[in-house]
Amino acid sequence: GFAFAGKQLLNLKDEAGNSSGISIRIEDNWAATFNLGYITGNNSGVFTDSVLKSGIVFDQGTARRISFIGLDPSKKYNVAFIGSVNSGITAAADYSATGVTTSSLNARYNQHQLAYLNEMTPGGPTNSIMVNVTKQFSSPVTYLNGIVLEEYTDTVAVMNPIHLFVEPKDKTGAVLT
């Protein structure tokens, strides 16, 4: 449904289908929904075509805030964002949160790239993390198709990559995304 301020998805399920106790809340209104994502036709993107196909859109320069609530304060969290649109317009956004490096993503013809916010620790009375999605000044619009929240203990030294793609750059080089 439409992403309006105060909308919540309660008690999200984990990858095994178990209730997590974690909720997501949209803090600010988005402009609209859309269904013109850049699908692969065979689910070979970083997410399935059903995720890439549709999402929410925003066309102003103010940040859109999204909160993750009910997190475990003894764990750390990564958040991955996908934006995808089957259009040649620039649709770039910056993804940020307190204490982490800002990540950028252009949704234009995107099937494989993600924006990541890593090593976040929840805080406050609701054990939450708030992230900001801000349309870049040079973009007329930005798109958000999907979000993945990863939970881990900080005793794990290195996590295996789960969305790593290798694309040829030239005869002797490759680009990792």
Side-chain angles (χ1 to χ4, degrees), residues 1-4 7-20 22-26 28-60 63-64 66 68 77-96 101-118 131-152 158-177:
F2 190 72
F4 56 86
K7 181 168 184 167
Q8 294 188 74
L9 299 173
L10 304 173
N11 201 19
L12 300 173
K13 296 190 184 298
D14 64 17
E15 64 272 5
N18 301 315
S19 295
S20 67
I22 297 171
S23 300
I24 186 171
R25 182 174 60 222
I26 303 298
D28 305 291
N29 289 329
W30 287 67
T33 58
F34 75 101
N35 62 356
L36 297 170
Y38 190 47
I39 63 171
T40 65
N42 62 5
N43 293 317
S44 62
V46 69
F47 294 117
T48 62
D49 284 352
S50 63
V51 174
L52 296 175
K53 179 181 178 180
S54 62
I56 52 181
V57 60
F58 192 64
D59 59 356
Q60 303 296 313
R64 304 292 86 192
I66 301 169
F68 299 90
Y77 294 85
N78 299 330
V79 182
F81 302 90
I82 181 75
S84 176
V85 64
N86 190 6
S87 172
I89 66 167
T90 300
D94 294 323
Y95 298 82
S96 62
T101 302
T102 297
S103 183
S104 298
L105 177 70
N106 189 348
R108 177 182 55 206
Y109 298 127
N110 182 34
Q111 297 170 331
H112 298 290
Q113 296 180 346
L114 298 168
Y116 281 101
L117 298 177
N118 296 318
V131 299
N132 302 299
V133 181
T134 307
K135 179 188 76 69
Q136 290 182 358
F137 181 77
S138 61
S139 296
V141 67
T142 192
Y143 299 90
L144 180 61
N145 300 63
I147 301 172
V148 173
L149 178 69
E150 301 169 337
E151 176 186 77
Y152 65 98
V158 176
M159 294 180 66
N160 291 331
I162 57 171
H163 300 295
L164 180 63
F165 288 88
V166 180
E167 300 173 283
K169 180 179 177 185
D170 52 38
K171 283 185 161 184
T172 60
V175 176
L176 301 177
T177 56

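In what follows, residues are counted from 1 in the order of the sequence shown. Small disclaimer: the values here were computed from a predicted structure and weren't measured.
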Looking at [X] and [Y], what are the two nearest heavy atoms and their distance?
X      : Y      : result
Ala93  : Gln136 : O-NE2, 3.9 Å
Asn145 : Ser54  : ND2-O, 3.2 Å
Tyr95  : Ala115 : CD1-CB, 3.4 Å
Ala91  : Asn106 : N-OD1, 3.0 Å
Leu36  : Phe34  : N-CD1, 3.4 Å
Phe58  : Lys135 : O-CD, 4.1 Å

How many angstroms lie between [atom1] in [X] and [atom2] in [Y], if you round to the nearest 0.5 Å?
X      : Y      : atom1 : atom2 : value
Ser19  : Asp14  : OG    : CG    : 8.5 Å
Asn132 : Thr102 : CG    : OG1   : 8.5 Å
Ile26  : Leu144 : CD1   : CG    : 7.5 Å
Ile56  : Thr142 : CD1   : OG1   : 9.5 Å

Are [X] and [Y] side-chain neighbours, meaning at least one heavy-atom pair lies under 4.5 Å?
X      : Y      : result
Phe68  : Tyr77  : no
Val131 : Phe81  : yes
Leu12  : Leu149 : no
Trp30  : Val133 : yes
Asn11  : Ile22  : no

(Q) Is there a side chain to side chain contact (heavy atoms under 4.5 Å, CB included) between Ile66 and Val79? Walk through the geometry before answering. (A) CA-CA 11 Å; Ile66 301 169; Val79 182; over 6 Å; no
Q: Applying salt bridge (Lys or Arg N to Asp or Glu O under 4.0 Å), name anything that partners Asp94, two or more places apart in sequence or on another chain.
A: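 Partners of Asp94 under the salt bridge (Lys or Arg N to Asp or Glu O under 4.0 Å) test: none.
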**Q.** For Arg108, salt bridge (Lys or Arg N to Asp or Glu O under 4.0 Å) partners two or more places apart
**A.**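 For Arg108 there are no salt bridge (Lys or Arg N to Asp or Glu O under 4.0 Å) partners, ignoring immediate neighbours.
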Donor-acceptor pair, [X] side chain versus [Y] backbone, under 3.5 Å?
X     : Y      : result
Arg64 : Thr134 : no
Asn86 : Gly37  : no
Asn29 : Phe4   : no

[X]: what forms a side chain to side chain donor-acceptor pair (under 3.5 Å) with it, not counting sequence neighbours?
X      : result
Thr101 : none
Tyr38  : none
Thr48  : Ser50

**Q.** Residues in side-chain contact (heavy atoms from CB on, under 4.5 Å) contact with Asp49, at least two apart in sequence or another chain
**A.**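 side-chain contact (heavy atoms from CB on, under 4.5 Å) list for Asp49, sorted by chain: Ile39, Thr40, Asn43, Leu52.
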Q: Decide side chain to side chain contact (heavy atoms under 4.5 Å, CB included) for Tyr143 and Leu105; before the verdict, give the C-alpha distance in whole Å, the side-chain angles of both, and the deciding distance to 0.1 Å.
A: CA-CA 10 Å; Tyr143 299 90; Leu105 177 70; over 6 Å; no
